[in-house]
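Indexing begins at 1, ligand by ligand and atom by atom, following the structure's order.
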Amino acid sequence: MRILAIETSCDETGVAVVDDGRRIISNIVASQLAHQDTGGIVPEVAAREHLRVLDGITQQALNEAGVELRAVDAVAATVGPGLVGCLLVGANYGRGLALAAGLPFIGVNHLEGHVYANWLYEGGSPTPEPEIPAVVLIVSGAHSDLVLMEGHRRFRPLGRTIDDAAGEAFDKVARLLGLGFPGGPAVERVARDGDPTAFPLPRAALSGYDFSFSGLKTAVLRLVRALEAKGEVPVADVAASFQKAITEILAEKTARAAAEHAVETVLLGGGVAANLALRVEIQKRIGHPLRVPPPRLCTDNGAMIGAAAFFVLRDRGTEVPVSVRSDMKLA
Ligand code: KG4
Ligand code: ZN
């Protein structure tokens, strides 16, 4: 089963060819660096940019895979959650391709994509499939969800953020420290030279598995203003202290969920899962090896949509032309 998969939910245009939900044949991602000027994403600009580059990137993905459209078995695209204008561009383009080639179209939930990125491998021999049940932490620019994966495409929500997403907190702290956009990789880079114990920062003690990051963000803002008033801001130390706090909060609840539900598999997904400090904090607290996709498969890409689409098709056995929904949840 060979799937051509399209991802345009936010500011990455991704197109991939994936075999049997696991093997990446090609995976092209174009990031919209234009946002670096505005320090954030302008939805209309992002949608227009997807429209401008999508056809070329699709051709590139097919060329690199060495296949023609009629040699694939289905076309998939993200239908939510995400920016509605951006979703419409990718979903309508994918639907059009499927219609023209007489192929089934599969609408994919972006969050399922982040989960199924853990099933992907490139070239060579396949990696072992993650075992289910699993506890999954999805941490991206828009989501911080802790879920119990009870079976393929069967997700039980355990907790989520009640305010900012983890990636959003990274992005805001990065902006405060003058580190540019996207903030996560920049914070991680400068934090390497900093002292994570330099500044004590609050860890909101919510009961259950929900997260809250707005108090932490405000504490960093106050800290930076106070340091500015005194003179120079030790950017690396602030970044390292913030990263330590946020990764500890995420790791503590993830490990607790794995212990409470007695699961041996912990999976990560979403852009923030690319963060090495987060992996280290979680691994410290769990008894089994942690599964995390390589960094380029943590951030948005087409291959993860191709992986999730395979399991949708296997499940439903037919075309799934879901309409786009900006607030779609995990099933
Ligand atoms: O999954 P993703 O590419 O897009 C969404 O679905 O939102 O996640 C993007 C988010 C951004 O907030 C970015 O700052 C964050 O992931 N991110 C990171 C790292 N790489 C990307 N955060 C922390 N450390 C990283 N290395
Ligand atoms: Zn994402």
Decide, yes or no, whether a salt bridge links [X] with [Y] under the criterion of side-chain N to carboxylate O below 4.0 Å.
{"X": "R325", "Y": "D327", "result": "yes"}
{"X": "E44", "Y": "R48", "result": "no"}
{"X": "R296", "Y": "E122", "result": "yes"}
{"X": "E281", "Y": "K244", "result": "yes"}
{"X": "K172", "Y": "E168", "result": "yes"}
{"X": "D73", "Y": "R2", "result": "no"}
{"X": "E248", "Y": "R203", "result": "yes"}

For [atom], the protein heavy atom that lies nearest, with its residue and separation:
{"atom": "atom 26 (N) of ligand 1", "answer": "E188 OE1, 2.7 Å"}
{"atom": "atom 12 (O) of ligand 1", "answer": "D171 OD2, 2.7 Å"}
{"atom": "atom 18 (C) of ligand 1", "answer": "G184 CA, 3.4 Å"}
{"atom": "atom 24 (N) of ligand 1", "answer": "N275 ND2, 3.0 Å"}
{"atom": "atom 9 (C) of ligand 1", "answer": "G141 N, 3.7 Å"}
{"atom": "atom 4 (O) of ligand 1", "answer": "D300 OD2, 3.0 Å"}

Within the structure, does [X] bring an N/O atom to less than 3.5 angstrom of an N/O atom in ligand 1?
{"X": "F170", "answer": "no"}
{"X": "G270", "answer": "no"}
{"X": "G271", "answer": "yes"}

Contact check, H143 vs ligand 1, heavy-atom distance below 4.0 Å: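 No, that is not the case, since the closest heavy atom of the residue is not under 4.0 Å from the ligand.
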
Non-hydrogen atom of C10 closer than 4.0 Å to ligand 1: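 Contact check C10 vs ligand 1: negative.
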
Centroid-centroid under 6.0 Å between Y116 and H152 rings: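 That pair passes the under 6.0 Å test.
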
Run the numbers for me: atoms of ligand 1, each under 4.0 Å from some heavy atom of [X], listed by number.
{"X": "H114", "value": "1 (O), 6 (O)"}
{"X": "A142", "value": "7 (O)"}
{"X": "G167", "value": "12 (O)"}

Side-chain heavy-atom pair F170, N275 within 4.5 angstrom cut-off: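 When only atoms from C-beta onward are counted, N275 and F170 do touch, with a gap below 4.5 Å.
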
Three-point angle H114:NE2, the Zn ion (ligand 2), H110:NE2, rounded to the nearest 10°: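 If I round to 10°, I get 90°.
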
Exceeds 12 heavy-atom contacts within 6.0 angstrom, atom CD of E232: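 Incorrect, the count does not exceed 12.
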
Heteroatom of D300 nearest to the Zn ion (ligand 2) (N, O or S, atom name):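 Distance check against the Zn ion (ligand 2) picks out OD1 in D300.
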
